[in-house]
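The next block holds one structure in the form of structure tokens; read it before the comments.
Labels below follow one simple rule: chain letters A, B, ... track the order of the sequence lines, proteins then strands, and each chain is numbered from 1. Only this structure's heavy atoms are used, side chains among them; waters, hydrogens and symmetry mates stay out.
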There are 2 protein chains.
Amino acid sequence: MAKAKDNSTIQANKKAAFQECPVTYVMEKIGGYWKPIILFQLLSGSKRYSDLRKSIPAITEKMLIQHLKQLEADDLVLREAKQVVPPHVTYSLTKAGQGLKPVLYAMAVWAVDDSKENAATFRRNLKNFPGVPNTP
Amino acid sequence: MAKAKDNSTIQANKKAAFQECPVTYVMEKIGGYWKPIILFQLLSGSKRYSDLRKSIPAITEKMLIQHLKQLEADDLVLREAKQVVPPHVTYSLTKAGQGLKPVLYAMAVWAVDDSKENAATFRRNLKNFPGVPNTP
DNA sequence: ATAGATACATACTTTAGGGTAAGTACTTGT
DNA sequence: ACAAGTACTTACCCTAAAGTATGTATCTAT
């Protein structure tokens with residue numbers, strides 16, 4: 001993981017929010033660009049490291065293991081390695097990880113609703129999203 | 001808002017995830033240290049700017065309006081200003097904002113569950129959290 | 001012999017977001 | 001005359017997270 005300075009306001013705030021706000025607690029565990037996507041992939045069953053890489057082509061290996069390690073440390077995914085050579089490692093959701101299903105589902109429902117209810121806004125957002133050509 | 005380079009991988013990935021992953025869509029809207037806390041404050045009813053400041057003492061004014069503006073742009077909160085002088089501005093949740101209630105609730109439920117189920121891990125996390133004295 | 005597949009690791013750079021500090025405009029109370 | 005309260009704004013700095021690039025060990029197939 002990335003090193004973290006012990007005495008910075010940002011860390012203090014993070015800690016406070018982490019302790020007091022359950023939503024932040026969840027964010028810390030499933031936040032970031034890749035974690036939700038990885039978790040989503042694992043919702044459909046256990047996968048090998050290389051399978052994950054293939055099903056998420058845009059992710060770099062660094063990001064992939066980094067987040068897998070983090071998810072493992074947070075007891076959301078389980079790593080199982082067969083002691084063979086060519087290595088064979090599978091990742092799956094733990095019980096706690098499975099428990100996130102309703103949370104992810106609630107989020108997905110809201111997202112679809114929200115992007116439908118104001119489809120115009122949604123499209124505008126996408127248009128104004130940095131790095132998107134205006135009329136492709 | 002903070003500037004964002006138009007041609008960066010991070011923005012491209014963000015956009016892709018934003019488009020494809022509903023969870024990321026939600027994260028973009030309620031993620032960050034402060035947004036959940038602000039939203040939580042507004043769940044209990046509309047509040048004045050100064051009230052929000054008082055109920056979230058640790059937040060700076062910059063962060064507060066910055067996120068309020070963002071939330072307003074995302075149509076999650078509604079800003080209402082009385083044209084008087086001393087200004088009088090109230091913020092409340094829009095319908096879309098209210099719609100987040102089940103999402104936030106699901107997250108809170110999971111968080112409590114998770115931090116109970118492995119209370120030891122939770123405490124260890126807190127202990128190892130950067131900036132926390134080992135035995136206060 | 002060498003290329004490819006497996007599952008990582010590690011050094012180094014960039015960027016988005018969060019933080020600090022100070023200022024604005026206008027009015028009321030003392 | 002001046003402090004205090006209202007709701008912001010703006011310029012500048014710092015750090016954590018994301019990205020780039022390359023390396024490692026072992027075996028199999030060609």
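Contact annotation: A:R53 does not reach the phosphate of C:dA5 (side-chain N/O to OP1 or OP2, under 4.0 Å). Distances shown here put a side-chain N or O of B:Q11 below 4.0 Å from the OP1 or OP2 atom of C:dA16. Remark: B:S8 is not in phosphate contact with C:dT14, judged by side-chain N or O atoms under 4.0 Å from OP1 or OP2. Side-chain nitrogen and oxygen atoms of A:N13 include none within less than 4.0 Å of the OP1 or OP2 phosphate oxygen of C:dG18.
Taking each heavy atom of B:R48 and B:P87 in turn, the nearest pair found is NH2-O, 3.2 Å. The two residues A:L64 and A:L52 have their closest heavy-atom pair at CD2-CB, 4.2 Å. Counting all heavy atoms, side chain and backbone alike, B:T94 lies closest to B:D75 at OG1-O, 2.6 Å. Nearest approach of B:Y33 to A:T24, heavy atoms of both residues: O-OG1, 4.3 Å.
Residues B:Y91 and B:L71 form no side-chain contact, since every pair of their non-hydrogen atoms from C-beta on lies 4.5 Å or further apart. Considering only heavy atoms from C-beta on, B:Q70 stays 4.5 Å or farther from B:Q66 through its side chain.
As rounded to whole Å, 13 Å separates atom C1' of D:dC13 from atom CE of B:M63. Residue A:E80 contributes atom CD, which lies 18 Å from atom C1' of C:dC8 at whole-angstrom precision. D:dA18 atom P lies 13 Å from atom CG of A:L64, rounded to whole Å. Rounded to whole Å, the distance from NZ on A:K29 to P on D:dA17 is 15 Å. What separates CD1 of A:I56 from P of D:dG19 is a distance of 12 Å, to the nearest Å. Nucleotide C:dG19 holds its P atom 10 Å from the CD atom of B:Q66, rounded to whole Å. Straight-line distance from the CD atom of A:Q83 to the C1' atom of C:dC8: 14 Å, rounded to whole Å. The interatomic distance linking A:I59 (CD1) with C:dA7 (P) rounds to 15 Å, in whole Å.
Out of D:dC8, C:dC8, C:dA16, the shortest distance to the side chain of B:Y49 is found at D:dC8. Of the candidates C:dG19, D:dT9, D:dG19, C:dG19 carries the atom nearest the B:W34 side chain, counting heavy atoms from C-beta on. With distances taken from any side-chain atom of B:K14 to the nucleotides D:dC8, C:dA16, C:dC8, the minimum falls on C:dA16. Among the nucleotides C:dG18, C:dA7, C:dC8, the one closest to any side-chain atom of A:R48 is C:dA7.
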- [ ] Classify every nucleotide of nucleotides 22-30 of chain C by which part a protein heavy atom approaches to under 4.0 Å, writing B for the base, S for the sugar-phosphate alone and - for neither, in 5'-to-3' order.
- [x] ----SS---
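As judged by a 4.0 angstrom heavy-atom cut-off over every strand, B:I10 is placed among residues touching the sugar-phosphate backbone only. Using a 4.0 Å heavy-atom cutoff across all strands shown, B:K82 reaches no nucleic acid atom at all.
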In a table with atom names and distances, give each donor-acceptor pair under 3.5 Å that connects a side chain of residues 34-43 of chain B to protein atoms at least two apart or in another chain.
unit_1 : atom_1 : unit_2 : atom_2 : d
B:K35  : NZ     : B:E28  : O      : 3.3
B:K35  : NZ     : B:K29  : O      : 3.4
B:Q41  : OE1    : B:S55  : OG     : 3.4

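Taking the nucleotide of DNA chain C with the nearest heavy atom to each of A:I65 and B:A58, the more 5' of the two is matched to A:I65. With the nearest nucleotide of DNA chain D identified for both B:T90 and A:H67, B:T90 has the one nearer the 5' end.
Two different hydrophobic clusters hold A:L78 and A:L93 under the rule that ILVMFWY side chains link at heavy-atom gaps under 4.5 Å.
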